[in-house]
Amino acid sequence: MRVSGLKPIIAVNYKAYHPHSFGENALRIARDARRVWEETGVEIILAPPFTEIHRVLKEVEGSGVKVFAQHADPVEPGAVTGYIPVEGLKEAGVQGVILNHSEHRLKIADINMLIAKARRLGLKTLACADVPETGAAIALLKPDMIAVEPPELIGTGVSVSKAKPEVITNSVSMIRSVNKEVLILTGAGITTGEDVYQAIKLGTIGVLVASGIVKAKDPYSVMKDMALNALKALA
Ligand SMILES: O=C(CO)COP(=O)(O)O
């Protein structure tokens with residue numbers, strides 16, 4: 001079921017590629033994302049490493065580009081050395097947080113606690129799932145967005161839209177059977193506008209992308225092609 005009237009979403013997970021995800025490279029991706037947002041109006045979410053959040057926020061200030069953290073720890077603030085509570089992310093100024101990425105998994109009870117706390121603090125949540133069934137289970141916890149990403153395709157450049165379209169269609173139907181509102185994205189191996197077009201045609205509202213943008217020679221061109229194809233798919 002299409003959630004009509006919504007803008008497509010391109011979420012960029014910087015991960016921790018070096019040097020791509022840090023310093024001037026991190027800012028270049030942010031500048032490129034702002035330009036694509038200005039030119040297309042597509043929703044863009046950037047998820048830089050914790051160390052880059054402050055300067056990426058500065059780079060996109062005044063635009064509609066949103067900045068999310070890549071993770072939050074299921075802890076209360078206090079004597080928790082080295083952990084990052086949601087309260088700290090709120091103070092840092094992010095608009096949301098990715099939870100349960102395949103590379104940083106959480107227990108279901110922790111996902112539940114973090115979604116509730118993020119909501120209380122006014123932060124959006126983008127929860128990740130490895131398979132449709134996990135996506136449906138997490139949908140019951142009412143995150144704002146769910147991204148289903150088959151781990152075996154992550155980082156391969158073989159897109160889930162082409163290699164495993166049934167993962168997308170099964171995710172959409174299983175998630176929608178328990179949650180009519182959550183925004184559904186997909187990811188893993190997404191590198192081209194065509195991958196994005198197919199992902200949206202299969203029922204999602206957007207994509208979660210890492211290496212295809214973060215490690216690209218020209219992130220602007222990749223994001224622009226993805227944005228234009230996303231709009232075409234929803235037209
Ligand atoms: O893990 C992912 C996004 O969170 C997908 O990674 P790739 O885009 O590099 O396949």
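The figures here come from the full heavy-atom set of this structure, side chains too, leaving out hydrogens, waters and symmetry mates. Just so it is clear, the structure is predicted and the values come from calculations on it, not from any experiment. Numbering of ligands and ligand atoms starts at 1, following listing order.
For Lys15, the heavy-atom gap to ligand 1 drops under 4.0 angstrom. Distances shorter than 4.0 angstrom do not occur between any heavy atom of Gly187 and any atom of ligand 1.
Contacts with ligand 1 closer than 4.0 Å are made by backbone heavy atoms (N, CA, C, O) of Ala188 only, the side chain lying farther away.
Between Ile154 and ligand 1, not a single N/O pair is under 3.5 Å apart. Polar contact with ligand 1: present for Asn13 (N/O pair, distance under 3.5 Å). Residue Gly189 places at least one N or O, backbone or side chain, under 3.5 Å from an N or O of ligand 1.
At a threshold of 4.0 Å, the pair Lys224-Asp32 does not count as salt-bridged, since none of the basic side-chain nitrogens sits closer than that to a carboxylate oxygen. Contact check on Lys164 versus Glu152 returns a salt bridge, with a Lys/Arg side-chain nitrogen under 4.0 Å from an Asp/Glu carboxylate oxygen. Of the charged side-chain nitrogens involved, at least one lies within less than 4.0 Å of a carboxylate oxygen, so that Arg55 and Glu52 count as a salt-bridged pair.
Among all protein heavy atoms, the one lying closest to atom 8 (O) of ligand 1 is Ala210 N, 2.8 Å. Among protein heavy atoms, the minimum distance from atom 4 (O) of ligand 1 is reached at His101 NE2, 2.8 Å.
No side-chain donor-acceptor contact under 3.5 Å links Lys66 to the backbone of Gln95. Formation of a donor-acceptor pair under 3.5 Å by the Thr125 side chain with backbone atoms of Ala127 is not found in this model. For Ser159 (side chain) and Gly189 (main-chain N/O), no donor-acceptor pair under 3.5 Å exists by modelled atom type. Arg119 places a side-chain N or O within donor-acceptor distance of the main-chain N or O of Lys142, the cut-off being under 3.5 Å.
Of all atoms in ligand 1, numbered sequentially from 1 with element shown, those under 4.0 Å from a heavy atom of Glu149 are 1 (O), 2 (C), 3 (C), 4 (O), 5 (C). For ligand 1, the atoms closer than 4.0 angstrom to any heavy atom of Ser211 are 7 (P), 8 (O), 9 (O). Listed by number with element, the atoms of ligand 1 under 4.0 Å from a non-hydrogen atom of Val209 are 8 (O). Here is the list of ligand 1 atoms found below 4.0 Å of a heavy atom in Leu208: 3 (C), 4 (O).
Put simply, the residue from Arg34, Glu39, Arg31 that forms a side-chain hydrogen bond (donor to acceptor under 3.5 Å, both in side chains) with Tyr220 is Glu39.
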